[in-house]
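In what follows, chains are A, B, ... by sequence order, proteins preceding strands, each numbered from 1.
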Amino acid sequence: MTESIGRFRFMDAQRVNLDGFAVPDPALGLVAFDSPSDPEPSLVVTDGVITEMDSRSRTEFDLLDTFIADHGLDLAVAPEAMAIDDLAFARMLVDPVVSRDEVVRLAGGMTPAKLARSLALLRPAELVIATTKCRARRTPSNQAHVTNRSDDPLLLAADAATAAAFGFREVETTVPVLGDAPSNAIAVSIGAAVGSPGLLVQCSVEEALELEMGMRGLVSYAETVSLYGTEQIFIDGDDTPWSKAFLTSAYASRGIKMRVTSGGGAEALMGGAEGCSMFYLEARCVALARAIGAQGVQNGGIDSASVAGAVPGGVRSLMAENLMVMLRNLESCTGNDALMSESEVRRTSRTHPIFIAGTDFICSGFGSIQRYDNMFGPSQWNAEDIDDYLAMQRDWGVDGGLRTAEEPEVARLRTRAAQAVRDVYSALGLADFPDAWVDEAIDAAGSKDVPSADLMVPLSAARLIRDSGITMLDVISALDECGYEQEAERLLAMLRARVEGDYLQTAAIFTESMDVLSLVTDPNDYAGPGTGYVPSAERQREIDRIRQQRSVEDLRGQQAIHATDRLRDSGSATQSNDPRDVVIAVSPATGREIWRTLSGLTVVEALEELLAGLEEEGCVGRIVRVNDTIDLGLIGLTGARLAGSGIGIGLQAKGTALIHRRDLTPLANLELYSVAPTLDRAAYRQLGVNAGRHAKGATPEPQRNPYSDEAIEARYHTAVVSLVAIERECSTAGAAPDALTLVEGP
Amino acid sequence: MTIARSGRPVDEVTLDAVRAGEITPDDVRIHPDTLLHQATVAQEHGNPQLAANFRRAAELTQLSDDRVMAIYEALRPRRSSVADLEAIAVELDAAGATATAALVREAAQAYRARSLAT
């Protein structure tokens, strides 16, 4: 082993190197596409029955093969579909002339291996186009996780309402303590109803308990119905394709929306990949999802996303999995769920193509709460990232399903949600919450901010809910009796939706006016540029107007706060013959509209330092406002020409400064202090000293270019554009410079 | 107008009716005919498997929650013998749930073939 070198020690310390990267190993299933053990696509139909599929004869079929062969394929299309060249089909997926309906029709006749082989040919940009075209619902959407470490019902409700305010249309909760589940389901449902009409709510727990909660109306959809790509792992998951098909029908029989969960890498993680690639095994899952009659699939790695991420092409395969769901004509809830990397760059890279393409649910669990409170484990996107995500939507002009929420509105919703849960739990005899707990939950950014939370409360409440058979109708009555009529109406509307059944159709969500958007009511009609989903003007404004944006007027208002009468006009500027005279020439807006520099110092403070620095060198500073140019070089040169010493300091009101000399050209200067946000009092003092030394012909102190690794330009360039605009307004061609006097401060 | 499993029209499921104590769990349960209608919609939108699911679901509306849970449990791996599953299928047939009965019989056959049931 050779000794390490600094460059590699430095690289090793970067966060991406916390991630695991695997040498591809097909025997362990550690390969994204095309394992040597993946079967050759094939399909033989004899007398209307599939007798061979993907190189396996019927006698060799395992449970998955049998179910897919008997229920999953459109045999009328199969001969045509199986005969299509893999590359030809891949091209159809990105060809705007070939409709979604047509590729979906053909995919219906393709075996898992056939579809896997064709989709493996798509490159990333092609996956983006194919996803844009093939997703089921025209309008994209997003799903939130709402959980916390203590199953705190008040915090769950406040956070569910907050998630609604940010635009999520599905909310998924779960429990660190299984027994708490019914309490969580009710708390999140109430919070969701405070936040918005039509929010779908699920509580992810073991299959049977989840179904029970659905039957009692405590949740409005289900998602944790897991499928696996090999028979052994499927059975280890304590189900079969038939039990899952029955479960799927059971949900529908109670009017409850349901999707299944799968995802590449799960089988490898559980040691049962049978030597097959992640993508082929996922192709079996997706074919099975269609075969059992589920309306949709949550896939794209999910809990095993980092396993896929560990192998070459793995991240691409995750997106291809999502596309496969779309081609099976199902709702695609596209992963971006469990955090797949410690690196901010890698996790963004993993999501980004899906984000710009748009899907039915971009995240199958955006952690709307902080990472530490996510009881599924940290998500790919979390409360820490909501502003990032909103900025990304704005950057690309795309609808990622989220919107800006105003602070007063979120405060109102959190208050109402926490109070509603307190009142309902009290009315139903489930728990009594002290005021301190309520207040902490309303204000909390996470469960660490709620020290009053008592872990026994949700547990005993949940037990009472189960034992006394409380249903959503009881919750609705309690809400109504406690004065929450609006929320009672909203939850009742969700029960009516179960009776109507329209939201059982593929990719259904509710709008805030309780319209169902689905494959049926809002079909994706993308057919190339100028077609498909375009945000409405109102929605586009929502995407564009993030809370951090500032106008020139906003900036003018901020500057006015720092206005002072210490900088006063004192007639016309004059020429001096005093060799100690150094002119500090300031920009046109100085002392009119702009009062504070980008570093946070006021202009007056900067001037004080400059004057003091000159005085240290035995020079006399004189302030002149240049009125006919905003160019700093010319401002400094104008000052130098008025100065008896021939030395001028140019100072823009935003803080940028230089030293100029009368005989130089405008763009040449003696010293430039260009990074205004980093200039502190000491820097202006030194600048004054150096200008004095230039005036005396002495040697100035060399100035180091201030350095920072911060994105200085990102932080200040927007402000600079506004400041320059204000400077220009204050500038008049041909106007003579003014003399200014800085009077002593109080 | 869509009616609930109880026969009550869905637009009569109002908060006033809840206040009056008129709404029972059956008033917020989906009617089998509604599921059959959704099956037709799914079929027309290119998903015959979803349609088949809705048709099985229509059958299951007739079963109690407990019975549905019990049949789900019976279909899980190594819970039932072939005879157990056949008995369930007979029960389902008798209740008019013929598509679900067929699914259970298929399961029995597949489980036997893969040694998950004897």
Would you sort out whether B:L75 and A:L247 count as a side-chain contact (heavy atoms from CB on, under 4.5 Å), showing the intermediate values? CA-CA 10 Å; B:L75 281 167; A:L247 189 58; over 6 Å; no
Between A:L492 and B:V13, is a side-chain contact (heavy atoms from CB on, under 4.5 Å) present by the stated rule, with each step listed? CA-CA 8 Å; A:L492 190 60; B:V13 179; 3.9 Å; yes
Salt bridge (Lys or Arg N to Asp or Glu O under 4.0 Å) between B:D65 and A:R216, worked out: CA-CA 9 Å; B:D65 290 355; A:R216 286 160 65 170; over 6 Å; no
One pair to check against side-chain contact (heavy atoms from CB on, under 4.5 Å): A:R254 and B:V68. What are the steps and the verdict? CA-CA 11 Å; A:R254 268 56 182 174; B:V68 168; 3.8 Å; yes
Take B:I30 and A:L504, measure what side-chain contact (heavy atoms from CB on, under 4.5 Å) needs, and give me the verdict at the end. CA-CA 11 Å; B:I30 193 165; A:L504 299 174; 4.0 Å; yes
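The CG atom of A:D239 sits 5.0 Å away from the CZ atom of B:R76 when rounded to the nearest 0.5 Å. For the atom pair B:Q49 CD and A:I292 CD1, the distance stands at 11.0 Å (nearest 0.5 Å). For the atom pair B:D11 CG and A:E500 CD, the distance stands at 9.0 Å (nearest 0.5 Å). Here the CZ-OG1 distance, from A:F246 to B:T100, works out to 6.5 Å after rounding to the nearest 0.5 Å. Rounding to the nearest 0.5 angstrom, the gap separating the CG atom in A:L473 from the CG atom in B:D27 is 8.5 Å. In this structure, the separation between CD on A:Q486 and CG on B:L15 is 12.0 Å, given to the nearest 0.5 Å.
Using a 4.5 Å cut-off between heavy atoms, B:A42 touches chain A through backbone and side chain atoms alike. Of the two parts of A:V520, the backbone and the side chain both hold a non-hydrogen atom closer than 4.5 Å to a non-hydrogen atom of chain B. Of the atoms belonging to A:F61, it is backbone heavy atoms, and not side-chain ones, that fall under 4.5 Å from chain B. There is no contact between B:A52 and chain A, counting heavy-atom distances below 4.5 Å. Interface remark: A:A294 contributes backbone atoms only to the contact with chain B (heavy atom separation under 4.5 Å). Only the backbone of A:L73 comes within contact range of chain B, judged by heavy atoms closer than 4.5 Å. Heavy-atom distances place no part of B:R5 under 4.5 Å from chain A, backbone and side chain included. Looking at B:E106, the atoms closer than 4.5 Å to chain A (heavy atoms on both sides) sit in the backbone and in the side chain alike. Proximity to chain A (any heavy atom under 4.5 Å) is restricted, for B:L116, to the side chain, taken from C-beta onward.
When all heavy atoms are compared, the tightest approach of A:I235 to B:P77 is CG2-CB, 3.9 Å. Pairing each heavy atom of B:Q38 with each of A:D502, the nearest pair is NE2-OD1, 2.8 Å. The two atoms that bring B:M69 and A:A208 nearest to each other are CE-O, 3.3 Å, heavy atoms only. The heavy-atom pair separating B:R29 from A:S253 by the smallest distance is NE-O, 4.3 Å.
Under 4.0 Å is where a charged nitrogen must lie from a carboxylate oxygen, and between B:R79 and A:D238 at least one such pair does. Ion pairing between a basic and an acidic side chain is recognised when a charged N comes within 4.0 Å of a carboxylate O; B:R19 and A:E489 show no such pairing. For A:D62 and B:R114, the salt-bridge test fails: no basic side-chain N is under 4.0 Å from an acidic carboxylate O.
With chain A as partner, the option from B:G46, B:P48, B:A4 having the largest number of non-hydrogen pairs under 4.5 angstrom is B:G46. Between chain B and the options A:P241, A:A291, A:G108, the largest number of non-hydrogen pairs under 4.5 Å is found for A:A291. The choice from A:A245, A:S477, A:P523 that makes the most heavy-atom pairs within less than 4.5 Å of chain B is A:A245. When the candidates B:V41, B:T34, B:V104, B:V18 are compared by the number of heavy-atom contacts under 4.5 Å with chain A, B:V41 comes out ahead. Residue with the most contacts toward chain B among A:Q295, A:E481, A:E231: A:E231 (heavy-atom pairs, distance under 4.5 Å). Comparing A:L330, A:D480, A:L211 by how many heavy-atom pairs each has under 4.5 Å with chain B, the most go to A:D480. Looking only at heavy-atom pairs under 4.5 Å with chain B, the residue among A:D74, A:N329, A:T471 that has the most is A:N329. When B:D66, B:T2, B:L103 are compared by the number of non-hydrogen pairs under 4.5 Å with chain A, B:L103 comes out ahead.
If you check the side chains of B:Y72 and A:S243, you find no donor sitting under 3.5 Å from an acceptor. Looking only at atom types and distance, the side chain of B:N47 has a donor-acceptor partner in the side chain of A:R290 under 3.5 Å away. Using a 3.5 Å distance cut-off with no hydrogens or angles, the side chains of B:N53 and A:S249 do pair a donor with an acceptor.
The local environment of CD in B:Q109 is sparse, with at most 12 non-hydrogen atoms from other residues, nucleotides or ligands closer than 6.0 Å.
Between B:L50 and A:T506, the closest side-chain pair of non-hydrogen atoms falls below 4.5 Å.
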